[in-house]
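What follows is a set of notes on a single structure, which appears directly below.
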Amino acid sequence: MVDQDKLAALRSKYANAAGGDIFNPRFREVAQAQFTGSDTRKWPFAGVPTFLDAPYVEEALDVAGQALLDVALIGVPMDLGVTNRNGSRFGPRALRTIERIGPYDHVMDVTPFSNARIADIGDVPMRSRYDLAACHADIEAFYRKLVQAGVRPLSVGGDHSISASILKAVGADQPVGMIHIDAHCDTAGPYEGAKFQHGGPFRLAVLDGVLDPARTIQIGIRGGAEYLWEFSQESGMTVIHAEDVPRLGMEAIIAQARAVVGDGPVYVSFDIDSIDPGFAPGTGTPEVGGLQPREVMELLRGLKGLNVVGADVVEVAPQYDATTNTAQIAAQILFLELCLMTEALRAAR
């Protein structure tokens, strides 16, 4: 039977309230950043698309080289380093078209755009669409300027080879630890005369002295390329295979990840092929038996409080997924990475 007194109280409070009238103080803070007037929000399907509906700015630095942003969202549309199907050059554009991500994560209780200066600054300018080594030189130079000014980069690839050159900038002053979510360890050697290929960025990063293998954990590893990943084991990286995830449980994996990376600076690298292709088929090297989106979201949320100084989402090749589910999952992961980064900034202040 309906409690008439409670119903009367609800009617008194909500019957004439607009959609933007939020009474809970924490939720009202989020709503005030979204609503114009009492019930009007920006249309998610209108305007120029940007990552996570962030504002677009052309420059992250002023004329004196000082930071105008805390976090820069950056596209890296380059896939010259793929070993199988290409197309991840279209990943940044695909993620920019995904709407209705954020603005609030209820598990971490984070509203990133209210807590930091964040903008989409466009794509890394590259001199050649054909020259893989030149593209990597351009990526490294672009990121060095940002990182040296104190801007933390959140990137969308592109193939996973881009992470090697990003890490050369992020880890230039101090080697970083890494939480790497992927189907592949990506610690193979050069192939066919090319050291910049998407199966080897983290071997390069360790050998360049910008990634600390003892503070690196790789989660979701599987497939037939295990024989290529001996460098991960020999260098001291922690590897958790996909088949171990249900046995260990995500709570234990989160605890292990936090113990491995510790309190130092951490980079988070997410390859969409870590997700089972039943959920995310739009990638160049799909591997069956992967993680569920819910598991990766739980993992990332469990990392709140770590000093995340940079992150990426890579290997989305949208043409292999007519449903756009792959890009939708990738954009959600991008948002959670942004939440982690803004929480790290807030803790540092």
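What you see is a predicted model; the values in this text were computed from it and never measured.
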So [Y] and [X], do their side chains get closer than 4.5 Å, heavy atoms only?
X      : Y      : result
Pro103 : Gln34  : yes
Thr342 : Asp70  : no
Ser235 : Thr187 : no
Gln32  : Ile22  : no
Thr326 : Pro318 : no
Ile217 : Gln256 : yes
Tyr143 : Val76  : yes
Asp186 : Trp229 : yes

Checking side-chain polar atoms at under 3.5 Å, does [X] have a donor or acceptor matched by the opposite partner on [Y]?
X      : Y      : answer
Asn84  : Thr285 : no
Asp120 : Thr50  : no
Asp271 : His198 : no
Ser163 : Tyr267 : no
His160 : Ser88  : no
Gln218 : Ser232 : yes
His180 : Thr216 : no

Can you check side chain to side chain contact (heavy atoms under 4.5 Å, CB included) on Tyr56 and Val48, steps first, answer last? CA-CA 9 Å; Tyr56 171 73; Val48 177; over 6 Å; no
Checking [X] side chain against [Y] main chain: does a donor-acceptor pair fall under 3.5 Å?
X      : Y      : answer
Ser165 : Ile162 : no
Asp276 : Gly289 : yes
Arg222 : Ser274 : yes
Asp79  : Gly87  : yes
Gln328 : Ile101 : no
Arg85  : Pro286 : no
Asp273 : Ala183 : yes
Asn115 : Thr111 : yes

Please determine whether a side-chain nitrogen of the Lys or Arg among [X] and [Y] lies less than 4.0 Å from a carboxylate oxygen of the Asp or Glu.
X      : Y      : answer
Arg346 : Glu343 : yes
Lys304 : Asp105 : no
Arg294 : Glu298 : no

Could you go step by step and tell me if Gln197 and Glu192 meet the side chain to side chain contact (heavy atoms under 4.5 Å, CB included) rule? CA-CA 10 Å; Gln197 48 86 19; Glu192 300 168 14; over 6 Å; no
Within 6.0 angstrom of [X] [atom1], more than 12 heavy atoms from elsewhere:
X      : atom1 : answer
Asn16  : CG    : no
Phe23  : CZ    : yes
Asp173 : CG    : no
Arg129 : CZ    : no
Arg28  : CZ    : yes
Phe45  : CZ    : yes

Please find the pair of heavy atoms, one from [X] and one from [Y], that lie closest to each other, and give the distance.
X      : Y      : result
Gly157 : Pro92  : O-CD, 3.3 Å
Ser161 : Phe196 : CB-C, 4.2 Å
Ile272 : Val316 : CG2-N, 3.8 Å
Phe113 : Ala54  : CE2-CB, 3.6 Å
Cys135 : Leu80  : SG-CD1, 4.1 Å
Ala252 : Leu248 : CB-O, 3.5 Å

Could you state whether [X] and [Y] fall into the same hydrophobic cluster, counting links through intermediate Ile, Leu, Val, Met, Phe, Trp or Tyr residues with side-chain heavy atoms under 4.5 angstrom apart?
X      : Y      : result
Val266 : Met297 : yes
Phe142 : Val314 : yes
Leu340 : Ile254 : yes
Leu204 : Ile166 : yes
Val170 : Ile179 : no

How many angstroms lie between atom [atom1] of [X] and atom [atom2] of [Y], to the nearest 0.5 angstrom?
X      : Y      : atom1 : atom2 : value
Met108 : Leu303 : CE    : CG    : 8.5 Å
Phe270 : Leu300 : CZ    : CG    : 7.5 Å
Gln292 : Ile275 : CD    : CD1   : 9.0 Å
Asp123 : Arg93  : CG    : CZ    : 8.5 Å
Leu345 : Arg152 : CG    : CZ    : 4.5 Å
Thr238 : Ile219 : OG1   : CD1   : 9.5 Å

Ring center gap for Phe202 and Phe231 short of 6.0 angstrom: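 Here the rings of Phe231 and Phe202 have centres that are no less than 6.0 Å from each other.
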Side chains of residues 57-69: which donor-acceptor partners sit under 3.5 Å, not counting sequence neighbours?
{"from": "Asp62", "atom 1": "OD1", "to": "Ala64", "atom 2": "N", "distance (Å)": "2.9"}
{"from": "Asp62", "atom 1": "OD1", "to": "Gly65", "atom 2": "N", "distance (Å)": "3.0"}
{"from": "Asp62", "atom 1": "OD1", "to": "Gln66", "atom 2": "N", "distance (Å)": "2.8"}

